[in-house]
There are 2 protein chains.
Amino acid sequence: MADSAVLDAVDLHILRLLQNDARTTYRDLAAEVGVAPSTCLDRVARLRRIGVILGHQLRVDPAKLGRGIEALLSVQVRPHRRELIGPFVDRIRALPESRALFHLTGPDDYLVHVAVTDTADLQRLVLDEFTSQREVARVETRLIFQQWDCGPLLPPASGR
Amino acid sequence: MADSAVLDAVDLHILRLLQNDARTTYRDLAAEVGVAPSTCLDRVARLRRIGVILGHQLRVDPAKLGRGIEALLSVQVRPHRRELIGPFVDRIRALPESRALFHLTGPDDYLVHVAVTDTADLQRLVLDEFTSQREVARVETRLIFQQWDCGPLLPPASGR
DNA sequence: CTTGAAATCGCAAGCTT
DNA sequence: AAGCTTGCGATTTCAAG
């Protein structure tokens, strides 16, 4: 279903460049990689078709939008059954404060990445949207001091 | 430094649309928002200039790149001093397996989001890059069953 | 902010290897 | 089958009102 794709050096070079700047033109890609622009077009179209490229995302600074504080919330959902966790996931994803949601192994079932205006806002969010809910057994809040993106995502060095 | 920006309804509308699809053309943006395409261009350029828009990122499927397993590693770095954590952060960010890195409050200093080929690869990563390092006092590994992106990031409802 | 025109880009068709 | 070149329509971009 999500099997590893067969990618050559040109594909990987294109992926590396587009992960740095997804708006690089085919002409510039072509110049950098050393092929014709239409070849880049074909390669990118193929990468989209086979699902390697999922889409283009705008990166936005939460602080500039008045959400200067970010935090990670570890949440235990009990009982951990499908009829409870489906609605829980939908509700959390719909919160304007939510940035990302993970379902994890371990004692804490979910990790929620949130962006809020201040600590009072964070307290309100935790109390009103989490601890006050029947299915939420426990919430642990950790503030994010700083966060970093890492290098472009590429196949393991052994390749293919 | 990262003060909240002053955005009007047009800016917010554009941000919402671009977060749904960062490749929406200025022409389509204009039609949707109800202004001229060049106005959209000006607005987006301004949003970039003032730092609200940080860039355009390609979303890629890790599984299709042979990284079918993702995990979160909670890491204690001891002693937690600048001369140790600087190199630690640089080293972790440079790992091809790293997707994101967070510096957090609480007993676990760092959270590392990684994508690996399989559990053996994960074990190798944890042993060779984390627990074997002097400054790493403890590592806790949690697998990611599933993850979700959330809605577009926008200012709090009360805002401007 | 809009209009309008020029430059650039995306994209498909045809050609070559 | 894969890549290159060409050309047209769409888009971006800029100057002027």
side-chain hydrogen bond (donor to acceptor under 3.5 Å, both in side chains) partners of [X], counting only residues at least two apart:
X	value
B/Thr24	none
B/Asn20	none
A/Gln19	none

My understanding is that only residues two or more places apart in sequence, or in another chain, count here; which of them pass ring pair (Phe, Tyr, Trp, His ring centres under 6.0 Å) with [X]?
X	answer
B/Phe88	B/Tyr110
B/Tyr26	none
B/His56	none

What does the B/S/- profile of nucleotides 1-17 of chain C look like, 5' to 3', with a 4.0 Å heavy-atom cutoff to protein? SBB-----SSB------
Only pairs at least two apart or in different chains count here, so list each ring pair (Phe, Tyr, Trp, His ring centres under 6.0 Å) that has a residue in residues 119-153 of chain B. A/His103-B/Phe145
How large an angle, rounded to 10°, do the end axes of the helix from C/dC1-D/dG17 to C/dT17-D/dA1 enclose when each is built from five base pairs? 30°
